[in-house]
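Beneath this line is the structure, given in structure tokens, with notes to follow.
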Amino acid sequence: MEWVLLVSLQWIVYGSPTPPTTVQITSFPSEELCNKAAEAIRTEINAPIAGQLRAQTLGRVVCLLRKDK
């Protein structure tokens, strides 16, 4: 079994949303490592963009357990 981190991002620029982008990051051997990576990404998403008052980043970050078939 492995843990997979899904990251979905969307930017709002001048009030207009861009299409969302989803990235899958695989091969975390434990839930703890996946959650640490997820928290680091959340911190970056929530950080304001320097000098940008009209751009906003929205994100959803989730760790999922992939089971072998």
Side-chain angles (χ1 to χ4, degrees):
M1 291 188 286
E2 71 177 340
W3 287 88
V4 176
L5 178 59
L6 295 178
V7 180
S8 181
L9 297 172
Q10 184 174 29
W11 292 270
I12 299 175
V13 182
Y14 293 104
S16 298
T18 63
T21 301
T22 301
V23 177
Q24 176 179 319
I25 305 169
T26 60
S27 298
F28 288 94
S30 71
E31 182 180 13
E32 180 183 1
L33 290 174
C34 188
N35 285 330
K36 283 183 179 183
E39 189 57 37
I41 291 171
R42 282 187 200 101
T43 299
E44 286 296 318
I45 289 171
N46 291 327
I49 300 170
Q52 283 293 335
L53 301 175
R54 296 185 176 148
Q56 180 182 10
T57 304
L58 303 176
R60 184 166 183 97
V61 182
V62 179
C63 285
L64 300 171
L65 179 61
R66 176 184 285 172
K67 295 182 181 179
D68 295 332
K69 293 183 180 181

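All residue numbers refer to positions in the sequence shown, counting from 1.
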(request) Using the salt bridge (charged side-chain N to carboxylate O under 4.0 Å, His left out) rule, collect all pairs that involve residues 21-32, keeping only residues at least two apart or in two chains. (result) Glu32-Lys36

(request) Quick one: which residue pairs count as a disulfide bond (SG atoms under 2.5 Å apart) with a foot in residues 19-68, not counting sequence neighbours? (result) Cys34-Cys63

(message) Membership question, hydrophobic clusters at under 4.5 Å side-chain separation (ILVMFWY): are Met1 and Ile25 in the same one?
(response) yes

(message) Between Phe28 and Leu64, is there shared hydrophobic-cluster membership here, with clusters defined by ILVMFWY side-chain heavy atoms closer than 4.5 Å?
(response) no

(message) How close do Leu58 and Ile45 get, counting heavy atoms only, and between which atoms?
(response) C-CG2, 4.4 Å

(request) Mind listing the closest non-hydrogen atom pair of Val61 and Ala38 along with its distance? (result) CG1-CB, 3.5 Å

(request) Any pair with a residue in residues 7-19 that passes salt bridge (charged side-chain N to carboxylate O under 4.0 Å, His left out), sequence neighbours left out, goes on the list, sorted by first then second residue, please. (result) none

(request) Sequence neighbours left out, what passes salt bridge (Lys or Arg N to Asp or Glu O under 4.0 Å) with Arg66? Give chain and number order. (result) Glu2

(request) Find the distance between CG (Asn46) and CD1 (Ile41) and round it off to the nearest 0.5 Å. (result) 12.0 Å

(request) Could you tell me which non-hydrogen atom of Ser30 sits nearest to which non-hydrogen atom of Trp3, and how far apart they are? (result) C-CD1, 3.3 Å

(message) Check this for me: Arg42, atom CZ, are more than 12 non-hydrogen atoms of other residues, nucleotides or ligands nearer than 6.0 Å?
(response) yes

(request) With rounding to the nearest 0.5 Å, note down the distance linking CZ in Arg60 to CG in Leu6. (result) 10.5 Å

(request) May I have all residue pairs that pass side chain to side chain donor-acceptor pair (under 3.5 Å) and include part of residues 10-20, sequence neighbours excluded? (result) Trp11-Thr57

(message) Membership question, hydrophobic clusters at under 4.5 Å side-chain separation (ILVMFWY): are Val23 and Val4 in the same one?
(response) no

(request) Using the salt bridge (charged side-chain N to carboxylate O under 4.0 Å, His left out) rule, collect all pairs that involve residues 12-24, keeping only residues at least two apart or in two chains. (result) none

(message) Give me the atom names and distance for the closest heavy-atom approach of Leu33 to Pro29.
(response) CD1-CG, 3.6 Å

